[in-house]
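Data first, discussion second: the structure below is written as structure tokens.
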2 protein chains.
Amino acid sequence: MKTYTIAVLPGDGIGPEVMAEAEKVLAKIAGKYDLSFNFTPADVGGIAIDRHGKALPEDTVETCRKADAVLFGSVGGPKWETLPPEEQPERGALLPLRKIFGLFANLRPAIVFPQLKEASPLKAGIIGEGFDVMVVRELTGGIYFGQPKGNDGVKGFDTMVYTADEIERIGRLAFETARRRNSRLVSIDKANVLSTMVLWRQVITKLGAEYPDVSLSHMYVDNAAMQLVRNPRQFDVMLCGNMFGDILSDEASMITGSLGMLPSASLAEASEGELPFGLYEPSGGSAPDIAGQGIANPIAQILSAGMLLKYSLGLDKAYDDIYAAIEGVLDEGYRTADIMSPGMKQIGTGEMGDRIAGKI
Amino acid sequence: MKTYTIAVLPGDGIGPEVMAEAEKVLAKIAGKYDLSFNFTPADVGGIAIDRHGKALPEDTVETCRKADAVLFGSVGGPKWETLPPEEQPERGALLPLRKIFGLFANLRPAIVFPQLKEASPLKAGIIGEGFDVMVVRELTGGIYFGQPKGNDGVKGFDTMVYTADEIERIGRLAFETARRRNSRLVSIDKANVLSTMVLWRQVITKLGAEYPDVSLSHMYVDNAAMQLVRNPRQFDVMLCGNMFGDILSDEASMITGSLGMLPSASLAEASEGELPFGLYEPSGGSAPDIAGQGIANPIAQILSAGMLLKYSLGLDKAYDDIYAAIEGVLDEGYRTADIMSPGMKQIGTGEMGDRIAGKI
Ligand SMILES: [Mg+2]
Ligand SMILES: [Mg+2]
């Protein structure tokens, strides 16, 4: 029986509660596919500060290093907000994790389940029966990190820079991702005015020849910001550099109207023929205000576990099972408080997890 | 009687037709406010290429130079698309005009008239009774023009750069604009990661002390892309650098659902106590496919004339008159073909202009 080791870092706030539900669902997946998960828990964020003096203890890093992938909950809360910024749970845990494990790619799906389409700020005619757009964002390069940058009070400057290798690396991941979805890739750039983006388009176009089964097109970032509003269903996978991905992934997630439902993945470079190591976490925060009440929505955490199965373990069908199970439970009218609407049946965190697991 | 000289550059496609309607409306404004307009026509764009061999003849530049402001129609069409890019109507006319007259600021309102709110892709509950957001975009600096930039096929790079003076110049214009609207200004930046934007926030914050009557706040660009979708009515004036303004003004215009209705202004720096020289034009294109049929919507051109009155001539009340006249005609159910909906009365370009002029 194949065994996978998953580092489980629940963190703070609602993290531990929703993580328990994700583990329930993963246990059912193990049974169905005749494999086993070895969950190795570790402290991260505020709880790690309290217990070990820092947001990312060495032991936690070691636990992650030994794992096939990391399932991350959420970190932070008012208790740690008075610490210096770099010691706070978010900065002190996530930035070092990205760096240590070379997590250069951010995958952020913007999903509208048909059962929750009312939540979108867009009209029903545009949402149709829901949508599922994947934004693939380069996370370690571009203008946020390019050198030189500075500000002497008279002049401020930053450098947008990408090498062909960096573009090819994220491009390849986007093509592979599109291949495992609906094989349509839109590469976002601003090649009409930015030299960096001229190179971006050259590299992605050339790479496209290796993926003849993926339909590739190019779109300027300002037009993409419009098209997401006009017709988000036109997109399957959107490939973006760091800054454009920051802007468009946020816009796309807002268009779903269900920010608390969205998972995300941060992936490392994979060796030839292997799947990438990755860290999987809900897009939302730790929601300390509702922690411990058993009312948090575990779906983002469960979907994050689903992404882990798909993108780090190659279990595409298991991801589809989880997605379908969530749809099934939503179809039956079950809702946690955050997505409750008239006529539906309100349930708690644990029951939502049980019901989803029950459909695997 | 005060006389203003307005350079009238109708250009190509529907430009001449809709310009005629804007002139009608301006004539009524002249009568109402006991002033006179001296319209000085000049060729620009494709027609200038045909008649004079270039998109922006010297005579046209001279005509603009002698005017208080420029009312521009639209340029371009299939006839000139085979020319080299820099000779084509758009690049060959607008870019030089911007440069010659130092048009460093772009004002792009995103207006949803209550009568046309159905056109927005956003839900009725979000649109409410319509909105009117003004995006003030710096147009001559930032990463689109910053040096160095380059691409050798291995590495591509661009430089985002702003000086404190450049930021103060556009900032002042944004504060002045907010003062003549609803006195709320949101400055868009990314000060958490970009050094240029740290300076941007410093300069704008300091400038805010000179405008205590304007409520100033700051918002990251990725959040702004979300907030425009979530609740556009929260905004009065949004101040942006060149690239962020490019993205957000397009997103904001798409949210109106009526791109063909929107005016724009490009303004020069004004001397102390004076109003800026400016070029005013519809946001949309020359629509050669419907040119000459008398069915084009003249409202964007008429609103552009209204902006000219307000921003270059200081006639704020005349702008309000035009805005109210458009609302009045829409209230009566009159629509051009592009904004026609069931139960409304379809009319042509000339009748729309007559009806709006009739309400001044
Ligand atoms: Mg963001
Ligand atoms: Mg644009």
Side-chain angles (χ1 to χ4, degrees), chain A residues 118 120-126 143-146 148-167 190 193-200 202-203 220-231 242-244 246-255 257 259, chain B residues 118 120-126 143-146 148-167 190 193-200 202-203 220-231 242-244 246-255 257 259:
Chain A
E118 282 302 317
S120 169
L122 297 180
K123 285 193 173 137
I126 295 174
I143 193 168
Y144 291 172
F145 297 98
K149 58 169 66 207
N151 163 31
D152 63 7
V154 175
K155 189 166 118 174
F157 58 100
D158 294 272
T159 304
M160 177 181 273
V161 55
Y162 272 114
T163 64
D165 287 349
E166 284 177 299
I167 299 166
K190 188 72 187 174
V193 282
L194 297 177
S195 296
T196 313
M197 292 291 130
V198 171
L199 180 61
W200 183 279
Q202 287 165 344
V203 173
Y220 296 141
V221 60
D222 47 335
N223 188 26
M226 300 173 86
Q227 296 303 324
L228 272 174
V229 174
R230 197 184 70 83
N231 178 19
N242 201 343
M243 182 171 58
F244 294 163
D246 185 16
I247 297 170
L248 295 182
S249 66
D250 278 340
E251 183 185 342
S253 67
M254 181 55 82
I255 284 169
L259 280 89
Chain B
E118 282 302 317
S120 170
L122 297 180
K123 285 194 173 137
I126 294 174
I143 193 168
Y144 290 173
F145 296 98
K149 57 169 66 207
N151 163 31
D152 63 7
V154 176
K155 188 166 118 174
F157 58 99
D158 294 272
T159 304
M160 176 180 276
V161 55
Y162 272 115
T163 64
D165 286 349
E166 283 177 299
I167 299 166
K190 189 71 187 176
V193 282
L194 297 176
S195 296
T196 314
M197 292 291 130
V198 171
L199 180 62
W200 183 279
Q202 287 166 344
V203 173
Y220 295 140
V221 60
D222 48 336
N223 188 25
M226 301 172 86
Q227 295 303 323
L228 273 173
V229 175
R230 198 185 67 83
N231 177 20
N242 200 345
M243 180 171 57
F244 293 164
D246 186 16
I247 298 170
L248 294 182
S249 66
D250 278 339
E251 183 184 343
S253 67
M254 182 55 83
I255 284 170
L259 280 89

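Atoms considered below: every heavy atom in the structure, side chains included; atoms not considered: hydrogens, waters and symmetry mates. Chain naming here is simple, since letters A, B, ... match the order of the sequence lines and numbering starts at 1 in each.
Within 6.0 Å of atom NZ in B:K155, 12 or fewer heavy atoms from other residues, nucleotides or ligands are found, so the atom counts as exposed in its surroundings.
Using a 4.5 Å heavy-atom threshold, the side chains of B:I143 and A:K190 count as separate. At least one side-chain heavy atom of B:M226 sits under 4.5 Å from a side-chain heavy atom of A:S253.
Taking B:A164, B:G146, B:S249 one by one and counting their heavy-atom pairs under 4.5 Å with chain A, the maximum is reached by B:A164. Among A:V193, A:L194, A:T163, the residue with the largest count of heavy-atom pairs under 4.5 Å with chain B is A:L194. The candidate with the highest count of non-hydrogen atom pairs below 4.5 Å against chain A, out of B:G125, B:S120, B:G257, is B:S120. Contact count against chain A (heavy-atom pairs under 4.5 Å) is highest for B:V161 among B:V161, B:T159, B:V221, B:N231.
Interface remark: A:Y220 contributes no atoms to any contact with chain B (heavy atom separation under 4.5 Å). Interface residue A:V154: only backbone heavy atoms are found under 4.5 Å from chain B. Neither the backbone nor the side chain of A:I167 comes within less than 4.5 Å of any heavy atom of chain B.
Taking CD1 of B:I247 as the reference point, atom CG of A:N223 lies at 11.5 Å (rounded to 0.5 Å).
A donor-acceptor pair under 3.5 Å is absent between the side-chain atoms of A:K149 and the main chain of B:T196, judged by distance alone. Panel note: side chain A:D158, backbone B:S195; a donor-acceptor pair is recorded below 3.5 Å.
Taking all atoms of both residues into account, the shortest heavy-atom contact from A:I126 to B:P121 is CD1-CB, 3.2 Å.
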